Amino acid sequence: MIVFFNTLSRKKEIFKPIEEGVVKMYTCGPTVYDFAHIGNFRAYVFEDLLHRFLEYAGYRVIRVMNITDIDDKTIAGAIKENVPLHQYTEKYINAFIQDMECLRLKKATYFPRATQHIKEMVSLIKTLLLKGYAYEKDGSIYFRISSFPSYGKLSHYDFDKIVSARTDSDEYEKEQARDFALWKGTKDEPFFWNTEIGKGRPGWHIECSAMSMKYLGETFDIHTGGVDNIFPHHENEIAQSEAATGKKFVNYWLHCAHLLVNGEKMSKSKGNFYTLRDLLNKGYDPLAIRYLLMSAHYRDPLNFSEKSLKQAENTVKHLHAFYQRVSFALTIKGEPDPVIEKSLQTSSNEFFSALADDLNISAAIASIFKLMRNINESFESGRLTAKNAEKILKFLNRINEVLAIFETSREQLSLDIMQLIRERERARKEKNYQLADRLRKEIADKGIFLEDTPYGTRWIRK
RNA sequence: GGCCAGGUAGCCAAGUGGUAAGGCAACGGUCUGCAAAACCGUUACUCACCGGGUCAAAUCCGGUCCUGGCCUCCA
């Protein structure tokens, strides 16, 4: 049984997809006007964990991640650089894909771009106009919130009580201040589409409704994003989608908390952000970044610091060394240690049930560390054999499908390094430690660290 | 003003009625030619604060304080 905390009900609910064995999921993606910062990536890592866990649980996941390539900021950027919009956004789309790979974020099934779905948006807006949920004013089209009584059900805002903290200084004409733009009529802006509903460009929210419905249907299982998307973005999506179809839009809404830096939200507007590239340039391990972003529960705020990133680096290093140590045990003959068999089973159960409880990653990871301890003990006391190691590796590979923090590729060393290791082995046997240490240093300079164990010398990259 | 999170060891972080998981760091020990890793041991009589109730609370109830977020740019 899997439970998720649903923003809609503010409760943990048992997860049951519409179609058995299949999960249809929409994950809010980037607006490609700049490099994504690691605050953004916290959300993407959370979505990745969700995606991977659902597959681990046996579901086929059909996932959409939208690319917002038309909005005020992308337009401003393109104008500033005096290039076509698509040329401006292409750079950041490519960077985003690269960053995703770097953090081992699984690809969505579809990455639809807003600019390539104008037709679908126009059609949706036409439906809303036809049904009386939208109105046109001065070439722009707005959603009439007063026509949708359940507006506010996601954010749980009571609009009668809310005194807006901001004064409205909107350049567009609206019946009511809270009505939002479906279509922004264009007067002399450079980027626009000529459509049946006029000359202009889409509002921000409509793309997600149009594209999710196109790829996932009018009602689908999961929709995710950061908490700052709850209002207005997701609230508006619900309004326009449900108004248009008359059906429930999404069954489970999952939102992740913000990444903080020095106790404050990390955001572009505050300037207190790190991009992934910033951190990589400082020499940090991308897997440590992934681990750090993933290691706190998604609904809790996570305070980012380079200190915690260094801690994460050490943790990841240990995990990595552990994985290699187990690989090394594949050569040890003998009967399997029954303690390990049992420990694997326990760990496997704990891992799954932890994640099944609204992605309790801390408990899931703790179960892995407990297993590690047992295995190390077994290895230390000489009870661990290849028969255990095979099963352990199989298990680690399996959970790595969810966590993606182990480096599982069996790297082959180059022949010259192998040769150096052999030479050092010979020197050690001859008790020529000076030469042995010099060779170890030489090998270390090539990025390979050597460990001497009772079973022989083994190596670890880095 | 309305709404939502959170406050657990030096740091990160689980646990939401049965007597404080896990990680990082630190210190002591074992092993080792050295190194590293690993292993063993130590590190919260206590969970922001106050009060209540319970055989029993970090966990429930009432109140207070602090931090962050949302209230039409935002993951």
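Just so you know, these numbers come straight off a predicted model, no measurement behind them. Chain letters run A, B, ... following the sequence lines, proteins first and then strands; every chain starts at 1.
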Base, sugar-phosphate or nothing for [X]? Non-hydrogen atoms, less than 4.0 Å.
X: A:Leu260; value: sugar-phosphate
X: A:Lys307; value: sugar-phosphate
X: A:Phe369; value: sugar-phosphate
X: A:Ser308; value: nothing
X: A:Ile368; value: nothing
X: A:Asn40; value: base
X: A:Gly39; value: base

> Would the A:Phe41 and A:Tyr44 ring centres measure less than 6.0 Å apart?
Replying inline: yes

> Any chance NZ of A:Lys342 has more than 12 other-residue heavy atoms, nucleotides or ligands included, within less than 6.0 Å?
Replying inline: no

Please name all residues satisfying ring pair (Phe, Tyr, Trp, His ring centres under 6.0 Å) with [X], sequence neighbours left out, ordered by chain then number.
X: A:Phe191; result: none
X: A:Tyr88; result: A:Tyr92
X: A:Tyr291; result: none

>> With a 4.0 Å cutoff (strictly under), does any side-chain N or O of A:Lys310 reach OP1 or OP2 of B:rC12?
In response: no

For a quick test of your reading: what N or O donor-acceptor pairs under 3.5 Å do the side chains of residues 27-39 of chain A make, sequence neighbours left out?
from: A:Thr27; atom 1: OG1; to: A:Arg63; atom 2: NE; distance (Å): 3.1
from: A:Thr27; atom 1: OG1; to: A:Val64; atom 2: O; distance (Å): 3.1
from: A:His37; atom 1: ND1; to: A:Gly39; atom 2: N; distance (Å): 2.9
from: A:His37; atom 1: ND1; to: A:Asn40; atom 2: N; distance (Å): 3.2

>> As an exercise, state the distance from CG of A:Asp48 to CZ of A:Arg104, rounded to the nearest 0.5 Å.
In response: 11.0 Å

>> With rounding to the nearest 0.5 angstrom, report the CG to CG distance, A:Leu293 to A:Leu276.
In response: 9.0 Å

> How far, in whole Å, is B:rA21 from B:rA14 if one measures between their C1' atoms?
Replying inline: 6 Å

> What one-letter contact string describes nucleotides 35-43 of chain B from 5' to 3', where B marks a base within less than 4.0 Å of any protein heavy atom, S marks contact via sugar-phosphate atoms alone, and - marks no contact?
Replying inline: BBSBSS---

> Tell me, for nucleotides 14-20 of chain B in 5' to 3' order, what letter each nucleotide earns: B for a base near a protein heavy atom under 4.0 Å, S for only sugar-phosphate near one, - for neither?
Replying inline: SS-----

